Asker: 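A single structure is presented below for examination.
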Amino acid sequence: MAVRPAYFRDVSDSQWNDWKWQQANRIRHLDVLERVLVLTEDERQAVVQASAKFAMAITPYYASLMDAEDPTCPVRRQAVPVMAELEVAASELEDPLAEDSHMPVPNLTHRYPDRALLYATHNCPVYCRHCNRKRKVGDPTSAPKRDELTEAIDYVRRTPAIRDVLVSGGDPLTMADQRLVAVLSDLRSIPHLEIIRIATRNPVTLPMRITPELTAQLQKFHPLFVNTHFNHEKECTEEAGRALTTLADAGCVVGNQMVLLKGVNDDPHMVRRMNQWLLKHRCRPYYIFQCDSVEGASHFRTPVESGVNIIKALRGWTSGLAVPHYVVDLPNGGGKVPVQPMYLTSHDGTQMKFVNYAGEAYTYEEGAASPAES
Ligand SMILES: *Cc1c(COP(=O)(O)O)cnc(C)c1O
Ligand code: SF4
């Protein structure tokens, strides 16, 4: 159980465990943040200046995971602005994945042949400082209007190639149950749509949102996949674990998409422990994303080699189920490409030379395994 900061000492347990209370009492301004954390001068300035560009919001629960004294705390770094956010490197873009230019209709990106991404809302319980959609997330004026969502869903209806829709945002679980159910029902009425995915960080930032009432609704829309976004083992609390198993009990297939962040999770041993914890709670590590070329995230970006080193430290050393795909989502809409450690060291005729996870050399003869063909 996370230790509640002194500022929230008088909050009753039933309030603390009520997602609506958490949502209503999000920390949005300097005066409250300052009473919860000992801020550096840089953070204090950034809460005013940087959050004018990209809003700050932190649930009391997520704040309770932070080290009040240590500005390098991995949870704090994900949610408390710093002045480095205002620095824009030459290679950085406002819309790094060109999502807005691959929109056949508002609020839907159709990039890959058989699946599409729907932006259902622009709100989130916590605004992650590394968010690659900060151009619109947290800005209520850019939020999709109801008829625009209908238009996006109609596009799916008249595009039979789409068999998989990702409901994203923002965080779709910031919508009221009723509204979310309306969106899911509309999607489910499309005969050619095989699977629906929900992308949500609520299990991490607001785990009390995963109520029995919600999951009772969700199980009407199977096959339903839920992808969440754990980045650090400090986020792996009892409450978060319960949120994951509640979703799994309701029949959702739960996965995790970690964003690789310098000084937060560029640590292979920590990632291994976190992924093992996720598996124990029936959540399968799916992706590790290289931090996108979004404006103001240079302080988070690692070399690609850091991601490869994480995979190297996982593959073979722990359950294959704990090994996600490390991907770079290419700027300008190239899509996701996996980057792997080099296990194949040479390929000469039928002879393939490999190094295994432990660095030992092996040879594989192509064709040798299929004598029946000769
Ligand atoms: C990531 C993404 C998807 C889903 O990709 P998968 O590899 O199938 O998980 C779909 N559309 C867009 C635009 C995406 O960025
Ligand atoms: S929850 Fe997702 S969409 Fe929302 S701020 Fe974080 S990364 Fe961005």
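Atoms within each ligand, like the ligands themselves, are counted from 1 in listed order. Owing to the predicted nature of the structure, the values given are computational and were not obtained by experimental measurement.
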Asker: I need the contact type for M103 against ligand 1. Using non-hydrogen atoms and a strict under-4.0 Å cut-off, is it side chain, backbone, both or neither?
Answerer: neither
Asker: Taking a hydrophobic cluster as the set of Ile, Leu, Val, Met, Phe, Trp and Tyr residues connected by side-chain heavy atoms closer than 4.5 Å, whether directly or through intermediates, do V137 and I198 fall within one such cluster?
Answerer: no
Asker: For atom 13 (C) of ligand 1, what's the nearest protein heavy atom and its distance?
Answerer: L117 CD2, 3.6 Å
Asker: Using a strict 4.0 Å cut-off to heavy atoms of V126, name the atoms of ligand 2 that fall inside it.
Answerer: 5 (S)
Asker: Strictly below 4.0 Å, N to O, side chains only: are D171 and R201 in salt-bridge contact?
Answerer: no
Asker: Just to confirm my output: which protein heavy-atom neighbour is closest to atom 5 (S) of ligand 2, and how far is it?
Answerer: C128 N, 3.2 Å
Asker: Determine, counting only non-hydrogen atoms of the protein, whether one lies under 4.0 angstrom from atom 8 (Fe) of ligand 2.
Answerer: yes
Asker: Any salt bridge linking R77 with D67? Criterion: basic side-chain nitrogen under 4.0 Å from a carboxylate oxygen.
Answerer: no
Asker: List ligand 1 atoms under 4.0 Å from T109, heavy atoms only on the residue side.
Answerer: 13 (C)
Asker: R201 heavy atoms, cut-off 4.0 Å: which ligand 2 atoms fall inside?
Answerer: 1 (S)
Asker: What residue and atom, counting heavy atoms only, is the protein's closest point to atom 9 (O) of ligand 1, and at what distance?
Answerer: Y286 OH, 2.6 Å
Asker: Same cluster or not: are V75 and F230 linked, directly or through other Ile, Leu, Val, Met, Phe, Trp or Tyr residues, by side-chain heavy atoms under 4.5 angstrom apart?
Answerer: yes
Asker: Report yes or no: does C124 have an N/O/S atom closer than 2.8 Å to atom 4 (Fe) of ligand 2?
Answerer: yes
Asker: Tell me the protein heavy atom at minimum distance from atom 1 (C) of ligand 1, and give that distance in Å.
Answerer: K336 NZ, 1.3 Å
Asker: Would the W16 and F8 ring centres measure less than 6.0 Å apart?
Answerer: yes
Asker: Please state which protein non-hydrogen atom is closest to atom 7 (O) of ligand 1 and give its distance, to 0.1 Å?
Answerer: Y287 OH, 2.5 Å
Asker: Ion pair present between E34 and R44, side-chain N to carboxylate O less than 4.0 angstrom?
Answerer: yes
Asker: Quick test of your reading of the model: are K136 and D139 salt-bridged, counting only N-O distances below 4.0 Å?
Answerer: no
Asker: According to the interplanar angle, ranging from 0 to 90°, do the rings of F300 and H130 count as parallel (below 30°), tilted (30 to 60°) or perpendicular (above 60°)?
Answerer: perpendicular
Asker: Whether R4 and D13 form a salt bridge (side-chain N of Lys/Arg under 4.0 Å from carboxylate O of Asp/Glu) is what I want to check.
Answerer: yes
Asker: Below 3.5 Å, N or O to N or O, backbone or side chain included: is there any such pair between R197 and ligand 1?
Answerer: yes
Asker: Note the single closest protein heavy atom to atom 4 (C) of ligand 1, along with its residue, its atom name and the distance in Å.
Answerer: L166 CD2, 3.7 Å
Asker: Can you report which non-hydrogen protein atom sits closest to atom 10 (C) of ligand 1, along with the distance?
Answerer: Y112 CD1, 3.6 Å
